[in-house]
Structure formats: C-alpha cells, structure tokens
Amino acid sequence: MATLQQLRDEYLRLSQPDNIEDCIDALDRYCNFFLSAIKNHQTENNTSAQDIDAKIIMQMMMTKALHIKSAINGVEFDTKKGVKLNKIIDPTIIASLIRNVYEMAAMFNLIYRTNKQGDERDIVYKLWVISGLKYRQRFSVHITTQENQVKLKSEDEIIKDYIREIEATYLYKSISEKDKVKIKRLIDDNYYLMQFEGNRVKVLHWQALIETMKCKQDFFQRIYTYFSLYSHPSNVSVFQFRDMFMPDENSFIFTTTFNMKYVFMLLSIFIADYITLFPQVLKTFNNLDLMDQLIINNNNIFARDYFYSINDSWKELG
C-alpha cells in the first residue's frame, strides 16, 4: 500500500502534468471512467429524450478525450525521397479540440444543471433541439432522395411541435411579453444559450458560460476567446504557430501541456455535472482507483469550488 507521501507525489505528477506522457496517463483515467460509466449505466432510467441525449453526450465526450489523446501523441512523416518531418504536436489542432470540449461541457451544464428540472430545462432543451434541426434544414436545397424529403418534413413537424410545447408551459405563459419576444427571437436565430433567472430570460454567449458553470474567473476568464484565437485562421494564429516551432525550441510541448490543464478541468466539470444529473453513476465513480477519483474530482474542485465536489476523496491527501 502506498504511503501518504507517495500518494501525494503521484497526485502531483498527474494533477498538473508537465510532459506529454503524464498528460496521456491522466487522460486515460478519464476515459476509464467514461467507458465504465457507459457500460454500467447506459440503459438505466432512459425515461425521456432529454436523458437519452444526455447519455449520448457522455459517449461523445469520451470520443473527444480519445481524439485529444491521439492528437497529443504527435505526427511525423517521411517523403519517398528521404525528407523527414520529426514528430511534432500542433497546439492549434489541440486548441480546436479543447474549444469543442468547452462548448460540450458548457452546453451540458446550461441545459442539465443551470436550468432547473421542469419547465426551465424543458424549454432550454427544446430550444437546443430546434436550433440543431433548423441549422440542418439549411441543407434542404441539396436533398435529392425521397427518404430525405420525408425526414425533412418530419423534422419540420418536430420543430413546430416543440415551439407549441414551449408556448404551452406554465413558465412561458407566466413570463413577460418582453421575455417571450426574447425566446421567439432565439428560435428565429437558431440559438439556445439562455437561462432563467426566476421568471426572467437571460440570453447568454459562449464566453459567459464560464459563469453558468461557476468556474473561477482567475483560471477561465476569456478562455473561450483564447482557444478561438488558436483555432481560427487569424493572423494571430499564424505568428503563434511560427513562435511555437522556432529552431532549437520545443515550445509546442509547453503550449500543449499548458492547454491540457483546461482539458482536464473541463472534463472534470462535465463528469461532476453528469453525476449530479444521474446520481446512480456515483457508485461507479466511487469504485474507481483512488488516484482516478482524486485526479477527476480535484480538477473539478480546482476549477470551481468544494461545493461541487463529487465525493470526499480529496480528504485522502491529508
């Protein structure tokens, strides 16, 4: 059995990894939880479309984590004439993947935790569905098969049904005309980022979801903009790329390991919110190796606060 000091040393290595190997080790612990939870709980209590979608979102989060693992392993290439590209990691690719993890974790929190169960969650969930279906209908001009025409018509009916269901809720009927207009505008704009504050509608933007997730501003302020700068083909992304691959420097390694800290916090936030939505999953979490519990839970606590702790595993560090 490991001593307390050995436990602390191993925790420090994995909680703030400063090399690619340790990042992969830590990421494997998240994927171990994801796959275990999917195996143990995927078919439990699937009583609504909301619950089924929430469980699919966890599958998607697992595949994102695995693709990040693949990306940080790096790439190399030899031409047929012997010109060699040594193994590199492209932090701009990692940044795009991290931004996607941020959006997924933030969306999940907004729908399933920030907005309370009942009319609040129903309305925001249906706005999310409507947004996705309406975006897909933009491609209707390319539909050529009868099967897809039927599908398009079916999805149009779903949109209309969900709008009617939103307008039939007690909460919608009780809000002001001004806030009803906000919701109608969200529908028109294929947008769903909003929360209820009592009977008032607050429209949000992606960066503001840091606040709905209750992340500490010290670590997350402007983080969405930061990862967007890397992932968009802006001039800034070009000179950032140049600086990461200067001769005789491996700053792309430092940039990657720094950015991975946000991956771990975002995955931890998602897992904590998922267990809040599905409390039975806590049993699987509690059966993980202690180090796995510590890494996942403490990154969540570090990003937010002890109030959001999944369990009391952090006490084992003394």
Side-chain angles (χ1 to χ4, degrees), residues 8 11-12 14-17 23 26-27 29-31 33-34 37 54 57-58 60-62 64-65 68 95 97-117 120-121 124 193-197 202 204-228 257-282 284-286 288 290-318:
R8 288 173 174 170
Y11 168 74
L12 289 173
L14 293 169
S15 62
Q16 297 290 315
C23 284
L27 204 51
R29 295 168 189 268
Y30 286 87
C31 294
F33 164 78
F34 284 135
I57 289 167
M58 186 168 74
M60 295 171 69
M61 196 64 96
M62 179 184 71
K64 293 179 194 304
I68 289 173
L97 294 171
I98 296 172
R99 190 179 74 155
N100 192 250
V101 170
Y102 168 87
E103 290 174 349
M104 185 71 81
M107 173 274 292
F108 187 90
N109 174 275
L110 180 69
I111 295 173
Y112 292 101
R113 189 162 190 174
T114 296
N115 287 287
K116 298 190 292 290
Q117 186 174 13
E120 286 191 12
R121 186 177 300 168
V124 179
L193 299 186
M194 60 147 289
Q195 71 176 112
F196 284 98
E197 294 182 332
K202 181 179 181 181
L204 304 166
H205 53 83
W206 281 110
Q207 179 64 34
L209 298 192
I210 291 299
E211 298 173 17
T212 60
M213 286 191 290
K214 306 302 181 186
C215 295
K216 295 175 182 175
Q217 290 293 317
D218 291 355
F219 307 118
F220 281 88
Q221 190 175 29
R222 304 189 189 285
I223 198 62
Y224 185 71
T225 303
Y226 168 77
F227 285 118
S228 295
T257 56
F258 174 80
N259 289 347
M260 284 298 296
K261 293 175 173 58
Y262 287 96
V263 174
F264 299 133
M265 286 189 283
L266 289 165
L267 292 177
S268 292
I269 287 168
F270 171 78
I271 290 170
D273 289 348
Y274 190 87
I275 291 174
T276 298
L277 181 64
F278 298 111
Q280 64 270 28
V281 180
L282 180 60
T284 292
F285 185 84
N286 288 338
L288 297 175
L290 176 60
M291 186 54 61
D292 292 16
Q293 295 181 49
L294 288 170
I295 297 304
I296 295 171
N297 192 35
N298 284 21
N299 271 311
N300 168 55
I301 293 170
F302 186 74
R304 301 201 277 193
D305 208 336
Y306 283 95
F307 175 81
Y308 295 91
S309 183
I310 299 169
N311 64 10
D312 291 334
S313 56
W314 56 272
K315 294 179 180 178
E316 297 297 325
L317 290 171

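These figures come from a predicted structure and were not determined experimentally.
- Scanning both residues, Arg113 and Ala272, for their nearest heavy atoms gives NH1-O, 4.0 Å.
- When all heavy atoms of Phe270 and Met58 are compared, the closest pair comes out as CZ-CA, 3.7 Å.
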Test ring-ring contact (aromatic ring centres under 6.0 Å, His included) applied to Phe220 and Tyr262, step by step
CA-CA 9 Å; Phe220 281 88; Tyr262 287 96; 5.5 Å; yes
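- The salt bridge (Lys or Arg N to Asp or Glu O under 4.0 Å) analysis of residues 308-318, with sequence neighbours excluded, yields the pairs Asp312-Lys315.
- Aromatic rings of Tyr274 and Phe278 (six-membered ring for Trp) have centroids within the 6.0 Å cut-off, being under it.
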I would like to know whether Leu277 and Arg121 meet side-chain contact (heavy atoms from CB on, under 4.5 Å); could you show each step before the answer?
CA-CA 12 Å; Leu277 181 64; Arg121 186 177 300 168; 3.5 Å; yes
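- Of the possible donor and acceptor atoms, none in the side chain of Glu120 sits under 3.5 Å from a partner among the backbone N and O of Gln195.
- Side-chain contact between Phe227 and Asn259: present, with at least one pair of heavy atoms (C-beta onward) separated by less than 4.5 Å.
- Taking OG1 of Thr212 as the reference point, atom CE of Met107 lies at 12.0 Å (rounded to 0.5 Å).
- The aromatic rings of Tyr102 and Tyr224 sit tilted relative to each other, their planes meeting at an angle between 30° and 60°.
- In this structure, Met194 CE and Ile111 CD1 are separated by 11.0 Å, a value rounded to the nearest 0.5 Å.
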What do the steps show when you test Leu27 against Leu267 for side-chain contact (heavy atoms from CB on, under 4.5 Å), and what is the final call?
CA-CA 9 Å; Leu27 204 51; Leu267 292 177; 3.9 Å; yes
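- Across Arg304 and Met213, no two heavy atoms sit closer than the pair CD-O, 2.9 Å.
- Within the 4.5 Å cutoff, the side chain of Val281 has heavy atoms near those of the Phe33 side chain.
- Side chains of Thr276 and Tyr112: a donor-acceptor N/O pair is absent below 3.5 angstrom, by distance only.
- Heavy-atom minimum distance, Thr225 versus Gln207: N-OE1, 3.5 Å.
- Here the SG-CG distance, from Cys23 to Leu14, works out to 9.5 Å after rounding to the nearest 0.5 Å.
- Remark: the backbone N or O of Leu317 is paired with a side-chain donor or acceptor of Arg8 at under 3.5 angstrom.
- Of the possible donor and acceptor atoms, none in the side chain of Ser268 sits under 3.5 Å from a partner among the backbone N and O of Asn297.
- Using modelled atom types, one side-chain atom of Asn115 and one backbone atom of Leu110 make a donor-acceptor pair closer than 3.5 Å.
- In this pair, Phe264 and Tyr30 present their aromatic rings parallel. The plane angle is below 30°, not in the 30 to 60° band.
- At least one side-chain heavy atom of Cys215 sits less than 4.5 Å from a side-chain heavy atom of Ile269.
- When side chains are defined from C-beta on, Asn109 does not count as touching Leu209, because their heavy atoms never get closer than 4.5 Å.
- With rounding to the nearest 0.5 Å, the separation of OG in Ser313 from CG in Asn286 is 8.0 Å.
- The shortest non-hydrogen separation linking Gln293 to Asn311 is OE1-ND2, 2.9 Å.
- Side-chain contact between Met61 and Ile271 is absent, with no heavy-atom pair separated by less than 4.5 Å.
- Heavy-atom contacts from other residues, nucleotides or ligands closer than 6.0 Å to CD of Gln280 number more than 12.
- For the atom pair CG of Leu266 and CG of Asn300, the computed distance is 10.5 Å after rounding to the nearest 0.5 Å.
- What you find for Pro17 and Lys261 is that their closest heavy atoms are O-NZ, 3.4 Å.
- Legend: residues meeting salt bridge (charged side-chain N to carboxylate O under 4.0 Å, His left out) with Asp305, ordered by chain and number and at least two apart, are absent.
- Although no hydrogens or angles enter the test, the distance criterion places no donor-acceptor pair under 3.5 Å between the side chain of Lys64 and the main chain of Leu97.
- Side-chain contact between Ile210 and Gln221 is absent, with no heavy atoms from C-beta onward closer than 4.5 Å.
- With sequence neighbours left out, Asp292 forms a side-chain contact (heavy atoms from CB on, under 4.5 Å) with Arg29, Asn32, Leu288, Asp289.
- At least one side-chain heavy atom of Ile68 sits under 4.5 Å from a side-chain heavy atom of Val101.
- Proximity of Tyr11 to Ile295: side-chain heavy atoms (C-beta onward) are separated by under 4.5 Å at one or more points.
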